[in-house]
2 protein chains.
Amino acid sequence: MAENKSWVLMVTAQTPTNIAVIKYWGKRDESLILPINDSISVTLDPSHLCTTTTVAVSPDFTHDRMWLNGKEISLSGGRYQNCLREIRSRASDVEDEKKGIKIAKRDWENLHLHIASYNNFPTAAGLASSAAGFACLVYSLAKLMNVKEDNSHLSAIARQGSGSACRSLYGGFVKWIMGKDDNGNDSIAVQLVDEKHWDELVILIAVVSSRQKETSSTSGMRETVETSPLVLHRAKEVVPKRVVEMEEAVKSRNFPAFARLTCSDSNQFHAVCLDTSPPIFYMNDTSHRIISCVEKWNRSEGTPQVAYTFDAGPNAVLIARNRKVAALLLQRLLFHFPPQSGADLNSYIVGDKSVLMDAGIQDLKDVEALPPPPEIKDNVPTRKFKGDVSYFICTRPGRGPVLLTEESQALLNPETGLPK
Amino acid sequence: MAENKSWVLMVTAQTPTNIAVIKYWGKRDESLILPINDSISVTLDPSHLCTTTTVAVSPDFTHDRMWLNGKEISLSGGRYQNCLREIRSRASDVEDEKKGIKIAKRDWENLHLHIASYNNFPTAAGLASSAAGFACLVYSLAKLMNVKEDNSHLSAIARQGSGSACRSLYGGFVKWIMGKDDNGNDSIAVQLVDEKHWDELVILIAVVSSRQKETSSTSGMRETVETSPLVLHRAKEVVPKRVVEMEEAVKSRNFPAFARLTCSDSNQFHAVCLDTSPPIFYMNDTSHRIISCVEKWNRSEGTPQVAYTFDAGPNAVLIARNRKVAALLLQRLLFHFPPQSGADLNSYIVGDKSVLMDAGIQDLKDVEALPPPPEIKDNVPTRKFKGDVSYFICTRPGRGPVLLTEESQALLNPETGLPK
């Protein structure tokens, strides 16, 4: 270690969130977080949805501490402890010649960490913040501690923080292989294709207002595995075939197959939630209306234009086959779900605003002037559901974790190791 | 036949509706209406929900005609034709000495029928009006034509009008045995226990306001069988065990087992609807809230007090273990779902009003004064959902079909054979 003077060594990383298109629901091992089936996800562009984490080490730190979105939180939970233990056990020698710091492999056991993490989207909105969060924690610690393992090995550590976190260690499309080993070493994420492979896809997320208290996914999936007579049939008979078909659809950029599989698998995940005792409802009437809107349009076009998928909450993630379709989709969504009167369009549509421009919408008057989509023209009167969507995020498939090397991007003070 | 003078021979019958507690969803033969699994239902008291049908024959009638709720409808549909053909083929000699009428077995082929049918509840409310309707049609025609077959054989004919109609030929609890024969002759209903066996049960139906156009059950179940990867597993692996357990629960009046099976099977039916492509949603947010209210209460009591079940629509059918529980249930429902301001309580709670008296509610002020149920007291603030329920029907398990012999109860004029 460096001698005689105080020092702080820091690493900052940014990690994306991801959305499953073949769903993970159900564990075969609660503690190691081993799933009952493979799953496949698309990584979302970190420009719009990501976690940034700075990890720091210093001989002056007296215990491990963490701040999430500026607020100190406890690290005593088993999931944090598992990740910290697994990463520490893989630490290597670290040398920073410029700062004159040398940390030997064995020193890591006695050094304490400061961790600051920040989501660029609302944590409570049900947008898989824990996936990005644990992936970023593990990735940044691995860089700080000079862990030699590749991202797939790191994914098996992130998995122990939050199952879906393992899929956030890669960009593009990612498969989480369930594995067979009892120790979980083969339950890892692998990249199917990178984010450039299918870059015409556009993703719109409708953040749906919800007044219901939702079942956490941890307890929800436990209750499903314990009580649903359908979930094991899904995991053993249905999902394996879908995973093969989805890999093929993604690799060949076959949008109709991709959409069919994505929608069916989302619906089946919610079906096994409903088959749970007591039943779990994540989708609400707004979610149902968004599905009906997409299904009607897809049917009228003869071939799918948009896929939908819903996680453990009412938010819709809509994947449009290209930019042109995304603009038409946004028109339809804004027609059915206009913002509250007097709302600011700029905060109603966030992320990649160019989709809004493509849709020819510049202000609220343009929203009000939207005609009913042709596929519903016969079904007058068309109801509008003002206020049922909180806001929309426009994004796209994105890259995996990256290091942020600018000191200005760090969340901890380089002198004190405390939040800036 | 009677000679030289005009005559009309009539029969009037009343038939109950029924609600499945183990659900029928999916046919193995569309034309004969043969199901993919057994189902079990409870017959509802015809005082509150029934169909009354008058059937008449006269040599003066020139063709078969039918009036439903006062409006003439076509009998050309395959389902009506199948029922009429099957019943005619089983007709026997009929003699009415008083009127001097003699109809020989062979005459029935050339005689035409007039049929008038009336539901004592809104047809559009999604309360299985076709079940009571076809059961009543077949039952009344069988009496008119002196068909010798018993109700189980008649059920196989009613089944060809509407699957669930076969279960309306008995009171109490009824099992529809799916059968094995290709001709459907063994796909019949049998009574498990009569309506006196478990007469402390009280049934509350919440007729839920819906603005969505619903998928008909005929096309819905066809789409489920064609597209759901889960429905056959349900039919072959899950339902057979549940049917055995449900029979045992009904026979031994084991309410906890009955409630567990009823709720789980309703939820699983809606799960396979959701697993259909495109997905079918019959329950809405109001349905979900009613389920949550019942689940919370059942949990807080340690043992189920109320079972819920939902058919192909958002209406809740709630089965309370006894009258005392029914009064407590009605208090809870009225707390969460009060009538619109200025509504008439008398038309908001229909059927057996004594439940309202037991609940200590005489007017809207009593509804407004209802305290939050103790099991939700901690979760303040409690939202109210005024107007989300259209009205409640209080009823109980009831008897099977009966003949109405008073001429005043007939729906057709005894001289003309036309609607009164």
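Residue numbering restarts at 1 for every chain, and letters A, B, ... go by the order of the sequence lines. Since we're looking at a predicted model, the values are computed, not measured.
Distance OG/B/Ser266 to CG/A/Leu274: 8.0 Å, rounded to 0.5 Å. Of the inter-residue distances, the one linking A/Leu230 atom CG with B/Ser228 atom OG reads 8.0 Å to the nearest 0.5 angstrom.
Side-chain atoms of B/Pro279 and A/Glu295, non-hydrogen and from C-beta on, do get closer than 4.5 Å to each other.
Ranking A/Met283, A/His233, A/Glu237 against chain B, the residue ahead of the rest is A/His233, based on heavy-atom pairs under 4.5 Å. Between chain A and the options B/Cys273, B/Ser277, B/Pro278, heavy-atom pairs under 4.5 Å are most frequent for B/Pro278.
Surrounding NZ of B/Lys384 are more than 12 heavy atoms belonging to other residues, nucleotides or ligands, all under 6.0 Å away.
For B/Arg299, the part lying under 4.5 angstrom from a heavy atom of chain A is the side chain only. For B/Ile291, the part lying under 4.5 angstrom from a heavy atom of chain A is the side chain only.
Side-chain N or O atoms of B/Asp285 include one that pairs as donor or acceptor with a backbone N or O of A/Asp285 at under 3.5 Å.
Relative ring orientation between B/His288 and A/His288 is described as perpendicular, the plane-to-plane angle rising above 60° on a 0-90° scale split at 30° and 60°.
Listed here is the closest heavy atom pair of B/Asp275 and A/Gln268: OD1-NE2, 2.9 Å. Between A/Val238 and B/Pro229, the shortest heavy-atom contact is CG2-CB, 3.8 Å.
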